[in-house]
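Since the model is a prediction, treat every value here as computed from it, not as a measurement.
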Amino acid sequence: MVAKRIIPCLDVKEGRTVKGINFVGLQDVGDPVELGAYYSACGADELVYLDISATREGRGTFTELVRKISGRINIPFTVGGGISSLDDASRLLDAGADKISINSSAIANPSLIDAIAGKYGNQFVVVAIDARLMPNGCWMATTHGGSRPTDKELFTWALEAQERGAGEILFTSMDHDGVKQGFANEALALL
């Protein structure tokens, strides 16, 4: 039997944790360092921090925040957002992140997956896929925080990412995000 793990995912914008519905209507819900420490103390197995505006704003992710998080929690954590090069990944891993997550940059440059996995190993690479169910019944990946559609079908892209070296896939259904109606079981059933 596969063990269940609790892995809270914290979306961060402008240094604050935010929550929204379907990637819009974001509201401040607290300090990401304090929330991470809280989840860690409550028994979370891992954490994921996603700088949700870094790619859209054309900047790297929050290295100093990673250092602060690393100093406060004792569980593994993944960091994503604005990672577009091997140097970006190295900087975040050096700052204390246990894994990095790439999404838009992986779609724009799939060889980035190979490069990071080649240097650090598959266990350090998470490919995030934000997807939306289309009227034709296909799940299609998006980039830039869900704001740009792509021609990448969810399952085909997930398989390619795995073959290139992704150790994990972080799937987010844009249609289910924040609506408190359960998971995208119809997508997961297709696997």
Quiz item: Heavy atoms, side chains only, cut-off 4.5 Å: are V126 and I169 in contact?
Solution: no

Quiz item: Got a sec, which residues hit salt bridge (charged side-chain N to carboxylate O under 4.0 Å, His left out) with E34, two or more places apart in sequence or on another chain?
Solution: R72

Self-check item: Side chain S85, main chain D88, donor-acceptor under 3.5 Å
Solution: yes

Quiz item: Where the side chain of S105 meets the backbone of I83, is there a donor-acceptor pair that is under 3.5 Å apart?
Solution: yes

Self-check item: Heavy-atom side-chain proximity of I100 to T78 below 4.5 angstrom
Solution: no

Quiz item: If only atom types and distance count, is the side chain of T142 paired as donor or acceptor with the main-chain N or O of R148 below 3.5 Å?
Solution: no

Quiz item: Can D94 and R91 be counted as an ion pair, charged N to O under 4.0 angstrom?
Solution: no

Quiz item: For the residue pair I129 and A141, what are the closest heavy atoms and their distance?
Solution: CG2-CB, 3.9 Å

Exercise. Taking the side chain as every heavy atom from C-beta outward, state whether E46 and R5 have any pair of such atoms under 4.5 Å apart.
Key: yes

Quiz item: Taking everything shown except F62 itself, do over 12 heavy atoms lie less than 6.0 Å from its CZ?
Solution: yes

Quiz item: Between Q27 and V18, is any pair of side-chain heavy atoms under 4.5 Å apart?
Solution: no

Exercise. For S40 and N74, test the side chains for any donor-to-acceptor distance below 3.5 angstrom and give the result as yes or no.
Key: yes

Practice problem: Measure the spacing between CG of L47 and CD1 of I6 and express it to the nearest 0.5 Å. | Solution: 11.5 Å

Quiz item: Does the side chain of K13 come within less than 4.5 Å of L26's, by heavy atoms?
Solution: yes

Practice problem: May I ask you to decide if F77's main-chain N or O and D98's side chain share a donor-acceptor pair within less than 3.5 Å? | Solution: yes

Practice problem: State which residues pass side chain to side chain donor-acceptor pair (under 3.5 Å) with E64; sequence neighbours excluded, sorted by chain then number. | Solution: R67

